[in-house]
Amino acid sequence: MVQTAQIAVNDANIHFDKLYSYKIPSHLAALAHIGSMVLVPFGKGNRFRMGIILQLSQQEENPKIKEVQDIAPEQARLTPELLQIVHFLKDRTFCTWYDAVKTIIPYGAQYKPTIIDGKACLKKQIIKHTETQYTLLHPLPNKPKPSQKQKLAETLLSNGSKTISTLTEKGLTRSVLDNLVKKGVLSKQEVDKTLHDVSAGLNFSQEIFLSQQQQKVFEGLKNHLNGQPATALLHGITASGKTIVFIKLIEETLKQGKQALVLVPEIGLTPQMIQRLTAIFGNAVAVQHSALNHTERLLQWIDIQKGNAKIVVGTRSAVFAPLEKIGLIIIDEEHERTYHSESSPRYSAHEIAKLRALSHKALLLLSSATPSIESYFAAQNGKYHLYELTQRYSNQLLPTVEMVDMRQELMQGNSSQLSNRLRVELAQNLKNHQQSILLLNRRGYQTVAMCSDCGEVLKCTACSVPMVYHKADQKLLCHYCGKTIQPVPQTCPVCQGKLRYTGFGTQKIEEELVETFPHARILRMDQDSTMKKESHKILFDKFAKGEYDILLGTQMVAKGLDFPRVSLVGVLGIDQMLFGQGYRAYEIVFSLVTQVIGRSGRSDLPGRALIQTVDPRNSILQLAAKQDYKTFYNQEIAFRKLNLYPPFCGVCMVLFTGSKEQAVLQAAVKFSEILAKTAAFRPDLPLRVLGPAPLNIAMVNHSYRYKLTIKCKPNKEFRELMRQVLEQYAKQGLPAKATVVLDMHSDADL
């Protein structure tokens with residue numbers, strides 16, 4: 001008998017993803033454990049691949065079974081909880097074994113095959129855990145005359161030591177700094193790396209006072225920190241002080257010797273949450289999100305693994321942080337779709353958080369001013385504990401909201417996307433030295449190029465979407481595949497007629513604002529202006545310090561942000577979203593408008609908001625203006641029940657992609673036929689199948705896209721049915737025609 005391991009191997013196709021048996025040589029036996037990362041020869045060419053041991057057993061000697069080549073050190077082993085999550089992801093998302101592993105372990109922590117002396121082995125990349133810090137020892141001498149860079153170094157270091165990364169961001173080079181070290185002006189030393197500045201908090205008082213309503217909610221939630229798993233929903237109107245309740249709950253969790261995990265929906269919201277928590281909890285806070293490079297993410301991962309971090313803050317992927325004593329998990333702005341992964345494995349952070357809360361016997365707290373319909377339904381029906389904050393913190397009033405009829409604006413000769421009413425209010429704010437936020441969820445300058453003669457719309461040749469004109473860069477850009485056209489064409493490629501550019505995006509509105517208010521300091525925040533590392537934090541900090549008067553941006557400026565000087569919010573171009581595809585269209589609009597209105601009047605300044613629309617009587621906009629979530633919920637839940645949408649059913653989206661449209665459609669039709677035949681033997685599984693049909697955006701990056709929409713009961717039996725269908729699909733060679741993906745959380749075009 002020999003010891004063998006059943007191993008999940010990297011780069012396995014989903015249709016052939018299984019556990020492969022390998023013999024463990026005697027010299028590696030002591031390192032072999034379930035969860036160990038290994039290196040194995042794979043396939044006819046015996047090329048080395050990474051793998052993970054998921055089972056161990058004793059078998060009869062078999063010369064055909066290959067041997068494990070190498071096993072990573074014990075500290076690289078997945079914990080039992082992380083292994084549980086691997087199995088969960090494999091079962092719930094139809095991903096491969098190793099896709100699940102790679103999702104959980106940050107790239108820098110993964111071992112790589114390395115050839116040494118002709119042999120393959122496992123090696124981890126070397127990570128530098130320290131960085132250079134400079135300190136000012138003496139003032140610069142007058143002779144020889146200091147350079148501008150040297151003066152800058154003296155200025156920056158005059159109020160304390162700084163790391164090389166901080167100084168290089170300000171324009172200094174290592175050579176300038178080291179030259180000053182040689183002159184005795186500066187000293188340098190190696191210090192542990194840190195990813196956030198503890199001193200950069202927002203001056204939160206260590207003493208936090210709760211209102212009577214907040215105290216009642218806190219006391220209720222604190223009772224769930226009792227060592228029993230629980231899920232609660234905190235529904236609090238905008239500016240009701242939900243974050244203060246979070247902080248008190250985190251304090252209570254840490255007092256119990258446990259750890260807290262805080263999830264936010266977008267990278268742009270992470271800095272403010274980090275600053276608030278580090279101002280109170282200092283270096284006990286660690287960070288996990290996709291904007292960190294591999295080294296930074298690994299450093300934080302190691303810090304968490306060692307138990308140094310008591311609180312982890314991050315976006316969706318932070319739900320996998322290797323915390324071992326979780327007492328509290330908070331999902332802020334829980335309604336956001338960014339908590340659902342759109343690449344394999346297509347998981348929901350909510351589901352993983354529930355699994356971990358159950359495992360750790362912790363409290364999972366979902367929080368939002370506009371909870372998802374599913375979450376509020378669960379709370380209404382007793383599945384979640386419901387807590388509500390109905391009053392703004394410090395008795396602040398809700399903003400007054402005014403609808404601006406853009407049809408009337410046009411009749412009065414104003415063809416601009418800035419209404420006269422909004423211009424008046426912006427001018428008033430500038431006069432009063434108050435700040436304004438304008439929301440336009442559309443980046444670029446102009447959104448459509450159409451031929452004046454034949455009506456042809458200039459589309460991306462790789463995607464079935466119009467190219468967007470970006471004036472600042474003088475280019476047309478596809479927002480799906482990134483394809484660009486320069487210089488900007490003026491004639492139609494079909495008939496050579498003149499192209500007419502229409503529509504508007506953030507760049508065009510910025511230009512109009514500059515023309516209208518030449519002395520105003522305008523900050524535009526969209527995907528184009530926030531591509532550099534930490535740009536969200538830098539720009540939001542500048543706005544918070546009053547360096548800008550008007551913040552114009554896409555949805556990243558609409559939620560979770562707290563700027564006391566903001567007294568005016570303007571909502572532009574919202575009508576297009578009202579007529580968007582998908583059963584969540586109204587929910588998305590209601591949430592976005594409610595959230596952005598809530599950015600106004602969050603201090604002593606009374607808030608006001610203007611919503612520009614061609615349909616001022618629209619019920620969704622009217623309810624959002626009143627911040628009337630409950631009436632909206634009652635309307636929406638009735639619609640969902642009547643038309644059988646979640647939460648009254650589950651939805652499985654089956655997506656097909658390939659380079660030949662007809663082949664993709666044929667594969668989708670065949671999958672539908674296999675599903676019908678297989679489901680015929682399971683009358684206990686009610687299904688409704690819609691399609692196949694092209695997605696709203698039928699082609700992306702030369703890949704055609706079709707879908708089947710299955711309304712189902714998303715249980716174990718349904719998932720087993722779909723696995724059988726996938727197996728039949730693979731046996732018939734259909735993956736060669738179209739790649740198939742199952743998504744239990746997608747609402748694409750539904």
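Within the 3.5 Å criterion, the main-chain N or O of L323 finds a donor-acceptor partner in the side chain of R356. Between the N46 side chain and the P41 main chain, no donor and acceptor come within less than 3.5 Å of each other. Within the 3.5 Å criterion, the main-chain N or O of L225 finds a donor-acceptor partner in the side chain of Q256. In this structure, the side chain of K711 engages the main chain of L644 through a donor-acceptor pair within 3.5 Å. Judged by distance alone, the side chain of Q259 and the main-chain N or O of K325 form a donor-acceptor pair under 3.5 Å.
The shortest side-chain heavy-atom distance between L726 and V740 falls under the 4.5 Å cut-off. Proximity of V654 to F656: side-chain heavy atoms (C-beta onward) are separated by under 4.5 Å at one or more points. By the 4.5 Å heavy-atom criterion applied to side chains, V2 and E60 are not counted as neighbours. The side-chain heavy atoms of T315 and P265, taken from C-beta on, include no pair separated by under 4.5 Å. No side-chain heavy atom of R719 sits less than 4.5 Å from a side-chain heavy atom of M722. The closest side-chain heavy-atom distance from L690 to K707 is not below 4.5 Å. For the pair P322 and T79, the minimum side-chain heavy-atom distance is 4.5 Å or more. Using a 4.5 Å heavy-atom cutoff, the side chains of R723 and D91 are in contact.
Here the straight-line distance linking atom CG of L685 with atom NZ of K713 works out to 9.0 Å at 0.5 Å rounding. Rounding to the nearest 0.5 Å gives a distance of 14.5 Å between CG of L355 and NE2 of H350. For the atom pair Y22 OH and E67 CD, the distance stands at 11.5 Å (nearest 0.5 Å). Separation of atoms CG (L263) and CD (E334) is listed at 11.5 Å; rounding is to 0.5 Å. In this structure, Q6 CD and L54 CG are separated by 9.0 Å, a value rounded to the nearest 0.5 Å. To the nearest 0.5 Å, atom CD1 of residue I373 and atom CZ of residue R584 are 8.5 Å apart.
Side chains of T4 and S57: a donor on one and an acceptor on the other come within 3.5 Å. Side chain to side chain, N701 and K483 fail the donor-acceptor criterion of an N or O pair below 3.5 Å. Under 3.5 Å, the side chains of H335 and S368 contain a donor-acceptor pair of N or O atoms. Looking only at atom types and distance, the side chain of H360 has a donor-acceptor partner in the side chain of E81 under 3.5 Å away. When only modelled atom types and interatomic distance are considered, S372 and E587 share no side-chain donor-acceptor pair under 3.5 Å.
Residues A698 and S464 come closest through the heavy atom pair N-OG, 3.0 Å. The shortest non-hydrogen separation linking D99 to C95 is CB-CB, 4.2 Å. Contact between I71 and L31 at its shortest, heavy atoms only, is CG2-O, 3.5 Å. Taking all atoms of both residues into account, the shortest heavy-atom contact from V700 to C463 is CA-SG, 3.6 Å. Between P692 and V669 the shortest heavy-atom distance is CG-CG2, 3.8 Å. The heavy-atom pair separating R346 from T93 by the smallest distance is O-CG2, 3.6 Å.
Residues F48 and F42 keep their aromatic ring centres 6.0 Å or farther apart.
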Run I34 and L83 through side-chain contact (heavy atoms from CB on, under 4.5 Å) and show every step you take.
CA-CA 9 Å; I34 293 175; L83 276 171; 3.6 Å; yes
Checking side-chain contact (heavy atoms from CB on, under 4.5 Å) for the pair L254/F281: CA distance, chi angles, key distance, verdict?
CA-CA 10 Å; L254 269 56; F281 302 106; 4.0 Å; yes
Go through the steps to decide whether K361 and N226 satisfy the test side-chain hydrogen bond (donor to acceptor under 3.5 Å, both in side chains), and finish with yes or no.
CA-CA 8 Å; K361 297 182 179 179; N226 59 359; over 6 Å; no
Test I674 against Q732 for side-chain contact (heavy atoms from CB on, under 4.5 Å), laying out the working first.
CA-CA 10 Å; I674 297 170; Q732 297 188 28; 3.8 Å; yes
What's the verdict on side-chain hydrogen bond (donor to acceptor under 3.5 Å, both in side chains) for E661 and Y706, showing C-alpha distance, side-chain angles and the deciding distance?
CA-CA 9 Å; E661 183 175 15; Y706 277 76; 3.0 Å; yes
For a side-chain contact (heavy atoms from CB on, under 4.5 Å) check, start with the C-alpha distance between T739 and L655, then their side-chain angles and the critical distance, and finish with the verdict.
CA-CA 8 Å; T739 300; L655 307 172; over 6 Å; no
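The pair R49-D11 fails the salt-bridge criterion, with no side-chain N (NZ, NE, NH1 or NH2) lying under 4.0 Å from an Asp/Glu carboxylate O. Look at E342 and R337 and you find no salt bridge, because none of the NZ, NE, NH1 or NH2 atoms lies under 4.0 Å from a carboxylate O.
Ring orientation note: the planes of F320 and Y347 are nearly perpendicular, at an angle over 60° on the 30°/60° scale.
In the displayed structure, E324 atom CD is contacted under 6.0 Å by at most 12 heavy atoms of other residues, nucleotides or ligands.
No cation-pi contact links K66 to Y20, judged by a cut-off of 6.0 Å to the six-membered ring centre and 45° from its axis.
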